[in-house]
*Asks:* 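My structure is below; once you've seen it, I'll send some questions.
We use all heavy atoms of the structure for the numbers below, so side chains are in, but hydrogens, waters and symmetry mates are not. Below, chain A is the first sequence line, B the second, and so on; all start at residue 1.
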Amino acid sequence: MNESQHKSLDFIRQRVADDVANGKNDGRVQTRFPPEPNGYLHIGHAKSICLNFGLAEEFGGKCNLRFDDTNPEKEDNEFVDAIREDIRWLGFEWDAEYFASDYFEKLYIWAIELIQRGKAYVCDQTIEEVREYRGGWDKPGKNSPYRERTVEENLDLFSRMKNGEFKDGEKTLRAKIDMNSDNMNLRDPAMYRIRHAAHHRTGDQWCIYPNYDWAHGQSDSIEGITHSVCTLEFEQHRPLYDWYIGQLEVHHPQQIEFAKLVISNTMMSKRKLTELVAGGFVEGWDDPRMPTISGFRRRGFTPESIRNFAKRVGITKHNSTTDIAVMNLCIREHLNRIAPRVTGVLDPLKVVIENYPEDEFEMRMTGVNPEDENAGTREVPFGRELYIERSDFMEEAPKKFFRLTVGGEVRLRNAFFLKCNEVIKDKQGEIVELRCTYDPETSGGKAPDGRKVKGTIHWISAAHAIDAEVRLYDVMFENEDPSDVPEGKDWKDLINPKALVVMQNAKVEPLLNEAGTGDSFQFVRNGYFCIDSKDSRPGKLVLNRTVTLKDAWSKQQKKGGSPK
RNA sequence: UGCCCGAUGGUGUAAUGGCAACACAUCUGGUUUUGGUCCAGACAUUCUAGGUUCGAGUCCUAGUCGGGUAACCA
C-alpha cells in the first residue's frame, strides 16, 4: 500500500504477495507439491517443484510433499522413493510428507456427510450409461435414474460398497450437482469408484477409492494449503474444487493454474515416457536420453542448472515451447565455471613425432580451469607418441580449416608447434598414423621467429592415456514437436537414432580413474562429460557427454555445405 | 457445437495507464594457447477493428487465431 516498488513478479507470486499483504490466511503461505507415484519425475515436474518450494521460501511459508495416491492400479513404492530422491537432489526439503491415502478415512466420513445432506448419491449406471446421460457440449445431460434415492438407501449402499459387497464398476458415488452445467465436470461427477485392488500403502483395507477431484481439494484443505498451484488443464476443475470445499464448509485453499512446461525436441508425456521404459526403447527411467530428473542427473546436469532453467522459462498462463537450447545454455553456464579441464580424445588418431626421442617424456603445465583462478594447475606428460582427435586432421581441408593438414602447422595445446609430414594408411585407405615433427623452440606456444598458427588442438600421450567408453547424447527427437506425428507413423518412429552414439575407443587422462561417480569434467574442445553412475568403474571407465561446447566451426560447416 | 483460458521479435519472458526491457537463438566484429569463455554491435511500432483516456502492450467491446475441456485417470 505504501510501497510502489514492483519487483516484476510472475502472476502467481503477485497474487500470493497480494494475499499476504491483505492478511489473507493471516499472511500464511502454505503450498504443496502433489505428484502421483506412478512414474518418475520429469523436467516439467521440476518447474512445478521450483514454483511450489520457491513460493514457500520467498514468502516465509512452507511446502508439503503429498503423494496423490488415489489410483492403486498404477502406483508403486518404487516411485515414491524415486520422487523423494529427485526432489532432494534438486535442493528442496519439504516441511511435511503426506499421502492422499492418509485421508481415505476422513474423505469417507465427509462423503457420508454429503450423502446425508442430499448432495451425493450411489449410482448403478455403467460407464457407457453415464457417458450417454452426461450429454455433450451441445446436449444437456439427463438425470441418472438413481439420482433420487433416499438418504437411507444411499447410506446403506455406500457402506456396502465400502464393505466389498459389489464388484468393480458396479456402483459409484456421485456428487449431485447439475446435469445441465456448461462445465462437464459439474454434471454429477464420480466421487468414488470400486476397485478391488491392493494399494501400495493401504493394502486391501479399501476397495473404494476417491477420484482426483474428491481427494485433491479436501487434502489441500486438511493440510491448510493456502495456494494450490496446478497446471492449466485443471482450470475447469476449479469450480468443482470450490464446490466440494464450499459444501463441506472447511478451510478453502485457492487453486491457481499455470502453463505446463513444453521443451522442443522433448517428449514430456508421462504416459509415453512410461511406454519408452516398458518397451525397452531406453535403458530405464534414468537413461540419460530421458527428460526425467534422474535422466538429467545421470547425464551430468547439476541441480543448479535445472533450477536456473526453471527460473528462465518463467510462469505464465499461455502455452509456449521453450527451445532445448535454453537447457543447454543453463548447464554450460554452470559447468563452465566449475568443471576441471582435462583431455579426452573421442576418436583417437596416432601421431608420431619423428624428431622427439623415444622413451623420453617431459611434463607440461596446464591450467585446471581458466574461469576459476583458484582451480590451480597440474602437469601432463608429453612424448614422442600422441593421440589427437581424428577430426582435427584433414588431407584435403577447406580454406577455413585451422587444424592439422599435410605440410601444415598447428599448436599442440600447452606444448609445441607441430607439423605433419606424412600420412600412413592401411590397406583400406584408412588413415592410421601421422608422421610429424615438432619445433622445440615453440615451447611457450609462440615461435621465436614470429610465425603464427591459426589453430590449437588437444592431444594426449599415447603411453599414458587410458581407455574409456564415452557415450555421446543428443536430443531424443529430431522433430521440434514430437507429439506432432506424421500420418501413418508412430511417435516412436520419431526417436532420434543418434540420440546415443557410443565411442568405444576414447583415450582419456589417468586421473579420471580416481574420479567419483557423477563428477563432471570439460574435455577441452569437446564438451562436458561426467562419470556414469551405473556402468563406470576404475579400469573400465564409462563417461556421458552432458552437453557439447558451442561449436562455431561445425555450425559453419553445416551451413556452407558439407566438407565431405 | 457449448464453456473456459490465452495472444508482446525466430524463441522464452518483462514493462502493475506514461521512453516496449532482459535473455536465448541468429548474424557482424574484437580478444583468446579451447573455433569454448569474455567483450562490442545488428535484429519489434505489442493479432485485427472500434472505443475510453492528455496518454493504451496494459482498461472496455467485437472479431481472428491458438490451446484446454465431455475417464468409474491424475
Side-chain angles (χ1 to χ4, degrees), chain A residues 4 6-10 14 34-36 38 68-71 73-75 100 123 125-127 130-131 134-141 168-174 181-185 187 189-195 208-209 211-213 215-216 230-239 257 259 264 270-271 311-323 325-326 328-330 332-333 336-337 341 343 366-367 369-371 400-403 410-415 442 444-446 453-458 522-527 548-557:
Chain A
S4 59
H6 297 295
K7 270 185 295 179
S8 179
L9 303 174
D10 59 65
Q14 182 63 251
E36 183 187 11
N38 66 345
D68 222 338
D69 57 347
T70 55
N71 186 356
E73 284 152 333
K74 290 185 177 173
E75 296 150 7
C123 182
Q125 286 189 311
T126 62
I127 290 180
V130 168
R131 188 178 305 135
R134 189 163 32 231
W137 289 322
D138 48 347
K139 287 192 291 277
D168 284 9
E170 235 176 87
K171 286 179 166 41
T172 54
L173 183 72
R174 293 225 256 165
S181 174
D182 285 331
N183 184 338
M184 290 295 160
N185 293 125
R187 319 253 266 220
M191 294 167 66
Y192 277 96
R193 73 283 207 188
I194 300 172
R195 280 295 117 83
I208 57 170
Y209 291 93
N211 287 71
Y212 166 83
D213 290 292
H216 201 94
C230 62
T231 46
L232 243 31
E233 63 267 31
F234 292 101
E235 229 165 359
Q236 34 282 92
H237 288 245
R238 180 161 22 99
E257 311 85 11
S264 67
K270 208 178 191 180
R271 207 199 85 232
K311 197 178 292 176
R312 277 173 188 264
V313 299
I315 302 292
T316 68
K317 271 191 95 142
H318 63 266
N319 303 304
S320 58
T321 302
T322 298
D323 196 321
V326 180
N328 294 337
L329 166 87
C330 290
R332 281 192 195 112
E333 200 173 76
N336 179 46
R337 291 200 314 270
R341 272 57 170 170
T343 300
T366 176
N369 184 350
E371 306 301 313
K400 286 276 185 74
F401 187 79
F402 300 151
R403 307 173 186 183
V410 288
R411 175 164 41 229
L412 294 174
R413 193 165 184 274
N414 299 122
T442 56
K446 289 190 171 65
V453 290
K454 274 280 185 54
T456 301
I457 64 174
H458 60 281
Q522 184 193 97
F523 284 6
V524 172
R525 300 207 306 132
N526 265 327
T548 60
L549 255 29
K550 263 212 277 185
D551 187 353
W553 168 242
S554 75
K555 196 181 287 175
Q556 194 187 342
Q557 288 296 287

*Asks:* Please report the distance separating the C1' of G57(B) from the corresponding atom of A42(B), rounded so that it comes out in whole Å.
*Replies:*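 My reading of the C1' atoms in G57(B) and A42(B) gives 24 Å.
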*Asks:* Return the 5'-most residue of the pair R134(A), V326(A) with respect to RNA chain B, ranking by each residue's nearest nucleotide.
*Replies:*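 It is V326(A), whose closest nucleotide lies nearer the 5' terminus.
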*Asks:* Which atoms of nucleotides 65-69 of chain B (N or O only) lie under 3.5 Å from a protein N or O atom, and what are those distances?
*Replies:*
unit_1 : atom_1 : unit_2  : atom_2 : d
G67(B) : O2'    : N319(A) : ND2    : 2.8
G68(B) : N2     : Q236(A) : NE2    : 2.9
G68(B) : N3     : Q236(A) : NE2    : 3.3

*Asks:* What nucleotide, of U26(B), C3(B), U34(B), holds the atom closest to the side chain of R413(A)?
*Replies:*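 My answer, after comparing the listed nucleotides, is U34(B).
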*Asks:* Apply side-chain hydrogen bond (donor to acceptor under 3.5 Å, both in side chains) to N336(A) and list each qualifying residue two or more places apart in sequence or on a separate chain.
*Replies:*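 For N336(A) the side-chain hydrogen bond (donor to acceptor under 3.5 Å, both in side chains) partners, ignoring immediate neighbours, are R341(A).
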*Asks:* Output yes when at least one side-chain N/O atom of R195(A) is less than 4.0 Å from OP1 or OP2 of C73(B), else no.
*Replies:*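 Yes, within the criterion.
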*Asks:* Select one nucleotide: of U13(B), C27(B), G6(B), the one nearest the side-chain heavy atoms of T316(A).
*Replies:*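 Out of U13(B), C27(B), G6(B), the nucleotide with an atom closest to T316(A)'s side chain is U13(B).
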*Asks:* Measure from the side chain of D182(A), starting at C-beta and using heavy atoms only, and say which of A15(B), C3(B), U34(B) lies closest.
*Replies:*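 Comparing A15(B), C3(B), U34(B) against the side chain of D182(A), the answer is C3(B).
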*Asks:* The criterion is side-chain hydrogen bond (donor to acceptor under 3.5 Å, both in side chains); which residues satisfy it with T231(A), sequence neighbours excluded?
*Replies:*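 Testing T231(A) for side-chain hydrogen bond (donor to acceptor under 3.5 Å, both in side chains), a comparison that skips the adjacent residues, returns E233(A).
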*Asks:* Looking at the side chain of F401(A), which of A71(B), G35(B), A14(B) is the nearest nucleotide?
*Replies:*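 Taking heavy atoms from C-beta onward, the closest nucleotide is G35(B).
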*Asks:* Between the protein and nucleotides 57-61 of chain B, list every N/O to N/O distance that falls short of 3.5 Å.
*Replies:*
none

*Asks:* Using atom names, set out every protein N or O paired with an N or O of nucleotides 37-41 of chain B below 3.5 Å, distance rounded to 0.1 Å.
*Replies:*
unit_1 : atom_1 : unit_2  : atom_2 : d
U37(B) : O2'    : N336(A) : ND2    : 3.4
U37(B) : O2'    : E371(A) : OE1    : 3.0
U37(B) : O2'    : E371(A) : OE2    : 3.3

*Asks:* Looking only at N and O atoms, is any donor in the side chain of R403(A) or the base of G35(B) less than 3.5 Å from an acceptor on the other one?
*Replies:*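 Under the 3.5 Å cut-off, the side chain and the base do form a donor-acceptor pair.
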*Asks:* Applying a 4.0 Å non-hydrogen cut-off, can you work out what P370(A) is touching in the nucleic acid: base, sugar-phosphate, or nothing?
*Replies:*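 The answer is base, as P370(A) lies within the cut-off (heavy atoms under 4.0 Å) of a base atom.
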*Asks:* Could you summarise the pairing of RNA chain B as dot-bracket text, marking Watson-Crick and G-U pairs under 3.5 Å with ( ) or [ ] inside the strand and | across strands?
*Replies:* .((((((..((((....[..)))).(((((.......)))))....(((((..]....))))))))))).....
